[in-house]
Protein chains: 2
Amino acid sequence: MVSFNHNAPSPWEIPGVQTRQRRSRLIDFVRVRGFASLDDLVRELGVSESTIRRDLDALEEQGTAKRTHGGVLYAGSHARLPEFDERQPAHWAAKRAIAAAAAERIDDGETVLLDGGTTTYEVARLLVGRSIQVVTNSLPVANLFASESRADLVLLGGYVSPRTGVCLGPYANELLGRLHVTTTVLSAAGITAEGLYNAHLLLAETEQAMLRAAGQVFVVADSSKFGRKSLTFVSGLDSIDLLVSDTGLSTEWRQQIAAAGVDLVVVEPAPNEPLDGNHDSHRDDHSKPSRERHT
Amino acid sequence: MVSFNHNAPSPWEIPGVQTRQRRSRLIDFVRVRGFASLDDLVRELGVSESTIRRDLDALEEQGTAKRTHGGVLYAGSHARLPEFDERQPAHWAAKRAIAAAAAERIDDGETVLLDGGTTTYEVARLLVGRSIQVVTNSLPVANLFASESRADLVLLGGYVSPRTGVCLGPYANELLGRLHVTTTVLSAAGITAEGLYNAHLLLAETEQAMLRAAGQVFVVADSSKFGRKSLTFVSGLDSIDLLVSDTGLSTEWRQQIAAAGVDLVVVEPAPNEPLDGNHDSHRDDHSKPSRERHT
DNA sequence: GCCCGAGCGAACGAAAACGATCATTTCTGG
DNA sequence: CCAGAAATGATCGTTTTCGTTCGCTCGGGC
């Protein structure tokens, strides 16, 4: 028995049972697909377009779904890590190119240890679909491989940093102490002649453990990181086997890196970067973009 | 015709450098947001609507994005775990109601250990925004809390099962041995008079460790789980403090649960289930939900 | 029986999004 | 330097979608 007939302005329109069930089904549908068009929902729920619209209005007001012209988006708890939202396009082009160069140097069958950080994340994206073993302390990276059947995934545990989504703390370090990987891909907040710096005290310890666990160490860092220190010292340059950066790196730095005995790979940010993970037909170098010859 | 190649679609028009960069930025934008309207993209990229449409056509053909009327969806590798995609609407209504009842019985400030599983995931969703400490071995659950500043998150490490996204293995168990939580919320693949069963051998061990780490144990399981065994035995009913299920549970089972000394909460699936976790939008004006569309 | 509210479906004008076309600018290559 | 191709931005007619309104049915309470 629903008690109605309030003279006060009722705070909550209580829908009937059927309506509620339908809306529940609707949001289930949207949640699974991420997006659904009006037609999809009409077909799925077997009611008229008007009813769907009304449901959508209600659900949007409730905050569960977000309407768009032509459909609905699921709005329930989207985990967004701030660090990954701040995109500086220029840097991203560099990060991408750097990531591509690093990913190329990882062979199938390897065990790769991936650090947190956006550049490392790009490396991870390029490794999705490859037959490798992945060890990481980064939640976003883990998500990339979680549903991958071709790759094995080992996640380091511990306290999860809300800002960056990486696992920190003694547990992660302890687990790392018992692992050995062929390659570690590390990021850095700053690089000087003395070595790598990072912004998080606990993360520095974890990264030191990562260095100890690795057969070889790749460091990916765009040129803006050079000459900058950060909160804590992580490691000297001598621990690094390969450093990948972009062409913004000055000659002085290149010499300094070489002097430290570190292999250096410098990539061009913009030009010959394949659009996305899809390496399509043209695999050849089109530094001289030979278009179709015209008569 | 001259070109007699069997490449049905045209051999990839190679776009210029600028176009490629812009499209790269575009898909970055879409990837981060999951969805973007035409207007969003015009504003973000600073080009005309026509250009955006052309880019979208190209990207859709490439398979990177999926157009919808009014915007774009990211179509790249979305980490979807199979288990969470199988939607059985009836069961989901029950899972949801069960989850709500379990979440109600967790107080702010508690340390909660959350198992993997879809019902547990629903519990986790309802806990987002609360001031609690969360410990979990489930990647999907961890994602819910990763960007939450109000909740502390501890992730158990180990080998990640591709199908369910939970961390397994000795490392997870070992870490659990050193933790103590106020409440453990556990799921089960089957429940008999003897106790809980689960479908994964390693997971059973992890869950046993979870039981040992807990002050009190909640088990969430819809009525279809009762009377079913699964691969491995996890624990007897005596380890459980509270069992939450739905009204589909037969009287015999209710008696049996009670006889085992387990508190039982039975919830009605469809009727009085608050649709989603958001209880906050109490408005006293139910006029048209005029959603603003600022051009 | 009668009233009344809730919910649904259909219809219609308004607003938007779409695709196609075309003129202009930019880039490339000879 | 010139020519042609590529890319862009604007316009326009068409299609889709949106929001509103109206009539209808179903149930419960009086």
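Order of the sequence lines fixes the chain letters, A, B, ..., with proteins taken first and strands second; residue numbering starts at 1 for each chain. Keep in mind that the numbers below use all heavy atoms, side chains included, and drop hydrogens, waters and symmetry copies.
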Novice: At their closest point, which heavy atom of A:F226 faces which heavy atom of A:I257, and how far apart are they?
Specialist: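 In terms of heavy atoms, the two residues are closest at CE2-CD1, 3.8 Å.
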Novice: Provide, to the nearest angstrom, the distance between the CD1 atom belonging to B:I52 and the P atom belonging to D:dG9.
Specialist: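 Atom-to-atom, B:I52 to D:dG9, this comes out as 9 Å.
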Novice: It should be established whether B:R53 places a side-chain nitrogen or oxygen under 4.0 Å from OP1 or OP2 of nucleotide C:dC18.
Specialist: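 Yes, B:R53 has a side-chain N/O under 4.0 Å of OP1/OP2 on C:dC18.
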Novice: Taking C-beta and beyond as the side chain, do A:R33 and A:D40 meet within less than 4.5 Å on heavy atoms?
Specialist: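 The answer is yes; the side chains approach within 4.5 Å.
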Novice: Could you tell me how far apart A:D57 (CG) and C:dA6 (P) are, to the nearest whole angstrom?
Specialist: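 Computing the A:D57:CG to C:dA6:P distance gives 17 Å.
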Novice: Can you tell which of D:dC18, C:dT21, C:dA17 lies closest to the side chain of A:L38?
Specialist: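 Comparing D:dC18, C:dT21, C:dA17 against the side chain of A:L38, the answer is D:dC18.
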Novice: Taking the six-membered ring for Trp and the single ring otherwise, decide whether the centroids of A:F35 and B:F35 are under 6.0 Å apart.
Specialist: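 Between B:F35 and A:F35, which both carry aromatic rings, the centre distance is below 6.0 Å.
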Novice: Evaluate A:L243 against A:V220 for side chain to side chain contact (heavy atoms under 4.5 Å, CB included), listing each step before the verdict.
Specialist: CA-CA 6 Å; A:L243 209 157; A:V220 288; over 6 Å; no
Novice: Quick check: closest heavy atoms across B:R67 and B:R53, and the distance to 0.1 Å?
Specialist: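 Reported closest heavy-atom pair: NH1-O, 3.9 Å.
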Novice: Can you tell me how far P of D:dT15 sits from CG of A:D39, to the nearest Å?
Specialist: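 It is 17 Å, rounded to the nearest whole Å.
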Novice: If you check the A:E49 side chain, which of C:dG9, D:dC18, D:dG9 turns out closest?
Specialist: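 When the side chain of A:E49 is considered, D:dC18 is the closest of C:dG9, D:dC18, D:dG9.
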Novice: Any side-chain N or O of B:R67 less than 4.0 Å from the OP1 or OP2 oxygen of C:dG19?
Specialist: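 Yes, such a contact exists.
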Novice: Could you state the CZ-P distance from B:R20 to C:dT28, rounded to the nearest angstrom?
Specialist: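 Rounded to the whole Å, the gap is 12 Å.
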Novice: Indicate, yes or no, whether a donor-acceptor pair under 3.5 Å links the base of C:dA10 to the side chain of A:S50.
Specialist: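 Counting by modelled atom types and ignoring angles, a donor-acceptor contact under 3.5 Å is found here.
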Novice: Nearest of C:dC18, C:dG9, D:dC18 to any side-chain atom of A:T51?
Specialist: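 Among the listed nucleotides, the one closest to the side chain of A:T51 is C:dG9.
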Novice: Taking atom C1' of D:dC18 as reference, at what distance in whole Å does atom CG of A:D55 sit?
Specialist: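 So the CG-C1' distance, A:D55 to D:dC18, works out to 16 Å.
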Novice: Is there a side-chain polar atom (N or O) of A:H69 under 4.0 Å from OP1 or OP2 of D:dT17?
Specialist: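 For D:dT17, neither OP1 nor OP2 has a side-chain N or O of A:H69 closer than 4.0 Å.
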Novice: By nearest nucleotide on DNA chain C, pick out whichever of B:R54 and B:G70 is the more 5' one.
Specialist: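 In this pair, the answer is B:G70.
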Novice: Give one of base, sugar-phosphate or nothing for B:T68, where a contact means two heavy atoms less than 4.0 Å apart.
Specialist: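 Counting heavy atoms under 4.0 Å across all strands, the contact made by B:T68 is with sugar-phosphate only.
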Novice: Rounded to the nearest angstrom, tell me the gap between atom CD in B:E61 and atom P in C:dG19.
Specialist: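 B:E61 atom CD is separated from C:dG19 atom P by 13 Å.
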